[in-house]
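Numbering of residues begins at 1 and proceeds along the displayed sequence. This one's a predicted model, so the numbers in the text were calculated from it and none came from an experiment.
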Amino acid sequence: MSVQEYLDKHALSRKIEDAVNAAVRAKTPDPVLFISNHMKKSVPSMITKVKARQILDSRGIPTVEVDLYTNKGMFRASAPSGASSGMYEAIELRDGDKGTYLGNGVSRAVRNVNEKISEALIGMDPTLQSQIDQAMIDLDRTEKKGELGANAILAVSMAACKAGAAEKEVPLYKHIAVLSGNTNLSLPIPAFTLLSGGKYAGNFLPVKQIMILPIGARQFEEALQMGSETYHHLKAVISKKYGTDGCSVGEDGGFAPSITSIREGLDLVKEAIGRTGYSEKLKIAIDVDATEFCIGTKYDLDFKSPNNSGQNFKSGEDMINIYKDLCADYPIVSIEDPFDKEDWEHAKHFSNLGICQVVGDDLLMSNTKRIERAVQESACNALLLKVNQIGTVTEAIEIVKLAKDAHWGVVISQRSGETEDAFIADLCVGLAVSQIKAGAPCRGERLAKYNQVHTLPHNSQLLRIEEDLGDQAVYVGDDWRLS
């Protein structure tokens with residue numbers, strides 16, 4: 001084949017001429033680079049390869065990382081993982097071989113990506129997120145993604161979303177906004193973990209986390225400063241009262257001193273807030289995680305104590321009174337999972353009191369049917385979304401819409417097993433949710449969601465997003481309950 005025949009076969013002469021004309025019109029100082037980029041843009045993007053591997057999360061436990069290739073580049077994502085999994089959430093596929101990673105390996109999920117999902121997605125347009133996600137759901141053929149594994153499907157879904165943003169040449173959060181039909185972007189309130197307890201820490205604090213919300217900040221950068229300063233003031237308070245051993249941290253960076261009660265923890269946080277000068281701008285949130293200490297219909301607040309006498313069991317009504325007293329004595333504005341995941345009656349009663357935001361995590365498990373029930377019964381007024389519990393970007397967008405239609409707040413959350421992937425930061429802004437729960441202002445995998453450091457291609461952290469939006473950046477602030 002001659003050169004002319006080759007040019008004619010692929011219509012290259014016309015394409016090159018168009019690129020040269022565009023370069024002339026643009027008066028570009030680097031015509032070769034301009035023409036190269038122009039030619040690249042003229043080629044419709046498609047998925048050419050999907051490659052998965054096993055990596056370790058922040059706990060040293062395996063998870064799935066995916067590299068998705070298009071003719072525009074390579075896009076990487078990794079699946080977060082939680083310490084607990086409920087019967088209503090998507091299934092994380094693990095190997096179960098106790099001789100390798102104590103049964104926590106994900107080689108089966110990796111194989112499913114490399115041998116099954118990859119074949120199904122090659123040739124697809126990465127901008128068509130819902131079609132990509134549906135193709136994986138159809139390939140899996142189970143209600144909870146148990147065949148391929150939600151960890152495999154989610155990592156691919158997130159990587160495809162990044163590839164779609166690159167094809168459109170927009171930041172990831174803007175691509176997500178378009179996918180969801182959202183036109184009003186906002187930066188969420190960060191819920192910074194200060195104290196860790198429950199089964200996530202080696203102290204006797206029964207609740208999982210005590211957090212602060214910088215609702216009085218004017219912008220996200222200021223909120224991050226408030227969180228960091230309070231965290232370090234708290235470290236000084238703890239060090240003085242409990243010694244440096246009290247400054248050990250839990251899985252998401254919260255301090256875990258040897259405290260035995262919720263009030264003792266709240267007093268520490270209150271003292272730290274008082275030292276900052278931000279007393280009017282910082283509020284407190286608690287993740288109770290009550291399912292972990294519910295026995296039958298009673299709640300054992302001493303469940304971590306080695307000297308547990310069994311005499312401190314509380315009824316659901318007792319717990320309601322405890323929460324009412326705590327909200328009266330401390331600036332608490334949000335309580336997550338105040339009751340067992342099946343204790344709908346007390347959840348409804350407490351939520352209807354209107355004392356604070358009541359967040360459903362274990363109650364909902366990011367499950368559409370449970371969310372619909374909670375909306376109907378007014379069992380809570382905010383959704384905690386963990387993307388790995390639902391399994392695809394498209395389904396995450398859909399359940400956020402469901403919560404917003406009910407006029408709920410929405411909190412997008414980390415997991416205890418995180419990676420440096422900051423996808424949830426873009427998800428928060430793109431879906432304009434009111435709150436992000438990404439852990440303490442400590443530990444790299446947590447700060448990856450907060451920091452302005454640009455560590456991943458085509459993925460922006462919250463500070464960078466705020467900078468990118470410029471004058472259009474809107475920090476939720478006092479409107480934090482609104483989604």
Side-chain angles (χ1 to χ4, degrees), residues 36-37 40-55 57 63-80 106 109-110 112-137 139 148-180 387-388 391-397 418-431 445 448-449 451 453-462 464-465 468:
S36 173
N37 289 334
K40 195 173 183 180
K41 291 177 186 177
S42 69
V43 181
S45 183
M46 66 174 65
I47 297 172
T48 59
K49 179 182 176 182
V50 185
K51 169 69 175 176
R53 66 182 61 85
Q54 178 173 270
I55 64 169
D57 66 22
T63 190
V64 179
E65 179 178 80
V66 165
D67 293 345
L68 185 143
Y69 295 79
T70 72
N71 46 3
K72 299 294 174 69
M74 183 273 286
F75 307 91
R76 178 171 291 162
S78 51
V106 292
V110 166
N112 286 338
V113 174
N114 294 336
E115 297 177 3
K116 298 178 181 179
I117 293 175
S118 178
E119 182 180 349
L121 298 190
I122 286 176
M124 293 190 71
D125 182 344
T127 65
L128 302 178
Q129 185 73 41
S130 62
Q131 293 184 24
I132 291 169
D133 291 341
Q134 190 60 51
M136 291 189 286
I137 291 170
L139 185 64
L148 298 176
N151 43 352
I153 292 172
L154 177 63
V156 175
S157 181
M158 291 163 57
C161 196
K162 295 177 184 182
E167 170 63 16
K168 291 181 178 179
E169 297 186 332
V170 298
L172 179 56
Y173 66 90
K174 288 186 178 179
H175 177 51
I176 293 171
V178 172
L179 292 175
S180 66
V387 288
N388 72 312
T392 66
V393 173
T394 300
E395 290 167 295
I397 290 171
E418 273 292 341
T419 71
E420 296 86 356
D421 195 326
F423 185 86
I424 64 169
D426 289 85
L427 189 65
C428 281
V429 178
L431 299 183
E445 77 281 357
K449 283 71 171 172
N451 270 343
V453 180
H454 195 51
T455 56
L456 293 173
H458 304 285
N459 193 19
S460 304
Q461 286 69 34
L462 285 166
R464 183 162 183 128
I465 293 172
D468 184 53

Roughly how far, to the nearest 0.5 Å, is the [atom2] atom of [Y] from the [atom1] atom of [X]?
X: L121; Y: K116; atom1: CG; atom2: NZ; answer: 14.0 Å
X: D67; Y: R76; atom1: CG; atom2: CZ; answer: 4.0 Å
X: E418; Y: S78; atom1: CD; atom2: OG; answer: 8.0 Å
X: I117; Y: L148; atom1: CD1; atom2: CG; answer: 5.0 Å
X: I153; Y: N112; atom1: CD1; atom2: CG; answer: 8.5 Å

> Residues in side chain to side chain contact (heavy atoms under 4.5 Å, CB included) with S45, at least two apart?
Replying inline: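 Only T70, N71, K72, P126, E167 meet the side chain to side chain contact (heavy atoms under 4.5 Å, CB included) criterion with S45.
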
>> Once side chain to side chain contact (heavy atoms under 4.5 Å, CB included) is applied, do any residues pair with A109, and if so which ones, sequence neighbours excluded?
In response: V64, L93, V106, N151, A152

Looking only at non-hydrogen atoms, find the nearest pair between [X] and [Y] and report the distance.
X: L179; Y: T127; answer: CD2-O, 4.2 Å
X: S180; Y: A177; answer: OG-O, 3.0 Å
X: L139; Y: A120; answer: CD2-CB, 4.1 Å
X: L154; Y: N388; answer: CD2-CA, 3.5 Å
X: A155; Y: A77; answer: O-CB, 3.5 Å
X: V178; Y: K168; answer: CG1-NZ, 3.9 Å

> Within 45° of the axis and under 6.0 Å from the centre of the six-membered ring of Y69, does NZ or CZ of K49 qualify?
Replying inline: yes

> Does any donor atom in the side chain of S157 or Q129 lie under 3.5 Å from an acceptor atom in the other side chain?
Replying inline: yes

> Counting N and O atoms only, with roles assigned by atom type, does the side chain of S118 sit under 3.5 Å from a partner on the main chain of E115, one being a donor and the other an acceptor?
Replying inline: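 Checking the backbone N and O of E115 against the side chain of S118, no donor-acceptor pair under 3.5 Å is found.
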
> Looking only at atom types and distance, does a side-chain atom of D57 sit under 3.5 Å from a main-chain N or O of T419, one as donor and one as acceptor?
Replying inline: no

> Are M158 and V393 close enough, and set up right, to give a side chain to side chain contact (heavy atoms under 4.5 Å, CB included), and what steps lead you there?
Replying inline: CA-CA 7 Å; M158 291 163 57; V393 173; 4.3 Å; yes

Below 4.5 Å, heavy atoms only, C-beta onward: do [X] and [Y] meet side chain to side chain?
X: F75; Y: C161; answer: no
X: D125; Y: L128; answer: yes
X: M46; Y: M124; answer: no
X: L427; Y: V387; answer: yes
X: Q54; Y: E65; answer: no
X: M74; Y: L68; answer: no
X: L172; Y: K174; answer: no
X: I122; Y: T48; answer: no

>> Checking T63 now: which residues fulfil side chain to side chain donor-acceptor pair (under 3.5 Å) with it, not counting sequence neighbours?
In response: none

>> I'd like to know if K162 pairs up with D421 as an ion pair, taking the criterion as any Lys NZ or Arg NE/NH1/NH2 lying under 4.0 Å from an Asp or Glu carboxylate oxygen.
In response: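 Looking at K162 and D421, the cut-off is met.
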
>> Heavy-atom count check: over 12 atoms from other residues, nucleotides or ligands less than 6.0 Å from E119 CD?
In response: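 Count not over threshold, so no.
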
> Does the side chain to side chain contact (heavy atoms under 4.5 Å, CB included) test come out yes or no for V66 and V113, once each step is laid out?
Replying inline: CA-CA 8 Å; V66 165; V113 174; 4.2 Å; yes

